[in-house]
Amino acid sequence: MAAPSQTTRIGLAGLAVMGQNLALNIAEKGFPISVYNRTTSKVDETVERAKKEGDLPLFGFHDPESFVHSIQKPRVIIMLVKAGAPVDQTIKTLSAYLEKGDCIIDGGNEWYENTERREKAMAELGLLYLGMGVSGGEEGARHGPSLMPGGSFEAFKNIEDILLKVAAQVRDSGPCVTYIGKGGSGNFVKMIHNGIEYGDMQLIAEAYDVLKSVGKLSNEELQSVFSEWNKGELLSFLIEITADIFGIKDDKGEGYLVDKVLDKTGMKGTGKWTVQQAADLSVAAPTIESSLDARFLSGLKEERVEAAKVFKSGGFGDILTDQAVDKKKLVDDVRQALYASKICSYAQGMNLIRAKSIEKGWDLKLGELARIWKGGCIIRAIFLDRIKKAYDRNPDLANLLVDPEFAKEIIERQSAWRRVVCLSINSGISTPGMSASLAYFDSYRRERLPANLVQAQRDYFGAHTYERIDVEGSFHTEWFKLAKQSKH
């Protein structure tokens with residue numbers, strides 16, 4: 001391995017696809033970088049790529065000691081290894097050679113409390129620690145991701161110049177990175193980003209299902225619809241790649257590849273964590289929850305095949321064939337329903353972040369998060385600019401739905417949204433995300449909900465007490481006795 005003639009600026013340990021790409025991105029931006037991986041073949045592979053991709057200042061090391069010593073002090077090392085035990089193992093390996101003031105940054109999708117535990121343990125050794133969400137997949141890592149660093153502010157300052165150059169650059173709002181806040185806030189924000197991403201993907205899948213199953217659109221038509229959508233309010237990475245997917249022909253047979261993909265969704269766990277956090281924080285996140293449930297149901301492929309046989313005879317097969325559909329009108333309705341549902345999904349994500357920020361005293365800036373998600377990351381969308389402006393107008397906004405701009409957009413789209421949900425229900429097509437978003441909106445905008453009955457029931461069977469709308473205080477009524485008397 002060619003060792004650098006002087007020390008490098010930064011180190012990176014963990015050279016799977018994300019690690020390799022981020023290392024090459026850093027080197028390409030002019031920062032000499034040392035890389036290390038437990039499996040040494042990955043080190044050689046990365047060094048080869050650095051040569052091929054422009055003779056980049058990247059130096060590989062086969063052992064942790066020479067790797068650590070090759071980096072200028074105070075040393076900064078990014079780890080990109082699997083969350084959990086491998087992170088602790090890597091920290092153990094590296095910290096043996098680190099000195100006071102050096103810094104480790106975990107760039108993986110780690111559970112935020114693990115980051116907080118590690119930051120404390122590192123501080124006792126005089127070391128700094130950051131948990132940094134990295135979004136954008138392998139392309140983002142290589143050419144500009146969205147970065148969400150949280151933890152030691154001092155550590156952030158040591159590496160800020162690198163992060164500002166390496167992050168995605170958005171013309172009117174700058175690099176997609178900001179210091180998120182203390183503790184595990186960077187990981188937490190990345191986790192909620194992934195939860196919002198689950199919601200987005202589910203809503204897009206439902207739009208596809210309605211257009212294909214009810215509207216009978218072909219893949220060619222779907223490709224042109226999504227390409228068109230990507231020029232307007234829905235302009236986003238996910239809509240763009242969806243359009244691409246519909247255009248790809250099958251390389252192993254006739255027709256289009258998308259039709260040959262098994263309808264069974266995998267997941268890594270960040271969506272589940274988001275939903276668990278929503279429950280812990282008592283924050284409603286029904287769109288994100290429905291997307292997780294949809295993935296669980298998709299996993300029951302064999303059961304669904306059997307259920308389809310059971311219900312085929314019940315006439316469910318015929319529902320979809322009866323309706324004559326105005327395609328152009330349907331496409332326009334679905335576009336509006338998708339946009340309105342998406343506002344709800346992001347509103348839920350932002351409310352989760354705010355609730356956690358209050359609980360932990362992180363003082364997170366929601367508008368700034370919307371800004372750094374405008375480029376590099378999977379949920380990047382033109383629409384995030386609207387969210388940033390909403391929080392600029394009112395940093396204490398209770399919910400995105402009541403921002404005057406978004407409220408107006410939802411009011412304009414609600415009849416289309418309701419038409420799509422009704423059409424789906426009547427056609428036997430499940431749209432859990434769009435329906436959950438609509439129910440969320442309809443609950444949130446109503447001054448009075450039927451919760452008064454639930455409270456009365458709770459007081460009846462469990463003496464849980466209730467409050468009244470006309471008198472202060474808590475009340476308990478002996479409902480059972482009163483009911484008994486009234487029956488006599």
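Since the model is a prediction, treat every value here as computed from it, not as a measurement. FYI, the numbering just counts along the sequence from 1.
Open room surrounds NZ on K165; 12 or fewer heavy atoms of other groups in view lie less than 6.0 Å from it. Atom CZ of R295 has more than 12 neighbouring heavy atoms from other residues, nucleotides or ligands inside a 6.0 Å radius. The neighbour count for I382 CD1, taken as heavy atoms of other residues, nucleotides or ligands under 6.0 Å away, does not exceed 12. Heavy atoms from other residues, nucleotides or ligands lying under 6.0 Å from NZ of K82 number 12 at most. Sparse packing is recorded around CD of E138, with 12 or fewer heavy atoms of other residues, nucleotides or ligands lying under 6.0 Å away.
Between R413 and E233, at least one side-chain nitrogen of the basic residue sits less than 4.0 Å from a carboxylate oxygen of the acidic one, meeting the salt-bridge criterion. Checked for salt-bridge contact, E409 and R386 meet the test: a charged N lies under 4.0 Å from a carboxylate O. Salt bridge status for D88 with K92: absent, with no side-chain N to carboxylate O gap under 4.0 Å. Contact check on R118 versus E110 returns a salt bridge, with a Lys/Arg side-chain nitrogen under 4.0 Å from an Asp/Glu carboxylate oxygen. Salt bridge present: D172 and K374 bring a charged side-chain N and a carboxylate O closer than 4.0 Å. Looking at D102 and K73, no side-chain N of the basic residue comes within less than 4.0 Å of a carboxylate O on the acidic one, giving no salt bridge. E154 has no carboxylate O lying under 4.0 Å from a charged side-chain N of K157, or vice versa, which leaves the two without a salt bridge. Using a cut-off of 4.0 Å between Lys/Arg side-chain N and Asp/Glu carboxylate O, D259 and K212 are scored as salt-bridged.
When side chains are defined from C-beta on, K388 counts as touching D392, because their heavy atoms get closer than 4.5 Å. You'll find the side chain of V258 stays beyond 4.5 Å of the side chain of I248, heavy atoms only. A 4.5 Å side-chain heavy-atom check between T90 and T93 finds every atom pair outside the cut-off. Using a 4.5 Å heavy-atom cutoff, the side chains of I71 and T7 are not in contact. Taking 4.5 Å as the limit, every side-chain heavy atom of M148 sits out of range of all side-chain heavy atoms of M132. With a 4.5 Å cut-off on side-chain heavy atoms, I180 and V189 count as touching. At a threshold of 4.5 Å between non-hydrogen side-chain atoms, the residues E45 and L15 do not count as touching. In this structure, D280 and Q277 have side chains that are in contact, with non-hydrogen atoms separated by less than 4.5 Å.
Between F188 and Y112, the angle of the ring planes goes over 60°, which puts this pair in the perpendicular group of the 30/60° scheme.
Side-chain atoms of N194 do not come within 3.5 Å of backbone N or O of G271 as any donor-acceptor pair. With hydrogens and angles disregarded, a donor-acceptor distance shorter than 3.5 Å links the side chain of D403 to the backbone of F406. A donor-acceptor pair under 3.5 Å is absent between the side-chain atoms of S357 and the main chain of A355, judged by distance alone. Under a 3.5 Å cut-off, the side chain of R75 and the backbone N or O of S70 do not form any donor-acceptor pair. Between the S291 side chain and the I288 main chain, a donor and an acceptor come within less than 3.5 Å of each other. Distance alone, capped at 3.5 Å, is enough to place a donor-acceptor pair between the R380 side chain and the G376 backbone. Of the possible polar contacts, none joining the N37 side chain to the T40 backbone as a donor-acceptor pair under 3.5 Å is found. Not one N or O on the side chain of T8 forms a donor-acceptor pair closer than 3.5 Å with the backbone of I33.
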*Derivation and outcome, salt bridge (Lys or Arg N to Asp or Glu O under 4.0 Å), residues D263 and R304*: CA-CA 11 Å; D263 52 321; R304 288 188 287 114; 3.0 Å; yes
_Please determine whether side chain to side chain contact (heavy atoms under 4.5 Å, CB included) holds for the pair R142 and E28, giving the CA-CA distance in whole Å, both sets of side-chain angles, and the decisive distance to 0.1 Å._
CA-CA 9 Å; R142 181 65 186 85; E28 191 174 62; 3.1 Å; yes
*Go through the steps to decide whether W417 and Y339 satisfy the test ring-ring contact (aromatic ring centres under 6.0 Å, His included), and finish with yes or no.*
CA-CA 9 Å; W417 192 7; Y339 186 76; over 10 Å; no
_Go through it in stages, so that I can follow the logic: the residues are F246 and Y256, the test is ring-ring contact (aromatic ring centres under 6.0 Å, His included), and I'd like the CA-CA distance, side-chain angles, deciding distance and then a yes or no._
CA-CA 7 Å; F246 291 129; Y256 285 85; 8.9 Å; no
*Take Y129 and K120, measure what side-chain hydrogen bond (donor to acceptor under 3.5 Å, both in side chains) needs, and give me the verdict at the end.*
CA-CA 9 Å; Y129 197 76; K120 285 196 182 76; over 6 Å; no
*asked:* As a quick check of understanding, evaluate side chain to side chain contact (heavy atoms under 4.5 Å, CB included) for T178 and R371, giving each step before the final call.
replied: CA-CA 9 Å; T178 190; R371 181 190 71 75; 4.0 Å; yes
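Residues G375 and A168 share a closest heavy-atom pair of C-CB, 3.7 Å. Scanning both residues, A294 and Q202, for their nearest heavy atoms gives CB-OE1, 3.3 Å. The nearest pair of heavy atoms linking W362 to K182 is NE1-O, 3.3 Å. In terms of heavy atoms, L147 sits closest to I372 at O-CD1, 3.6 Å. Summarising the geometry of D209 relative to S430, their closest heavy-atom pair is OD2-O, 4.3 Å, with the distance given to 0.1 Å. The shortest heavy-atom contact between T115 and G183 is CG2-O, 4.3 Å.
Aromatic rings of F59 and F67 (six-membered ring for Trp) have centroids beyond the 6.0 Å cut-off, not under it. In this structure, F61 has its ring center no closer than 6.0 Å to that of Y36. Checked against the 6.0 Å centroid threshold, F226 and Y208 do not count as a close aromatic pair.
Judged by a 6.0 Å distance limit and a 45° cone about the ring axis, R393 is not positioned over the six-membered ring of Y391.
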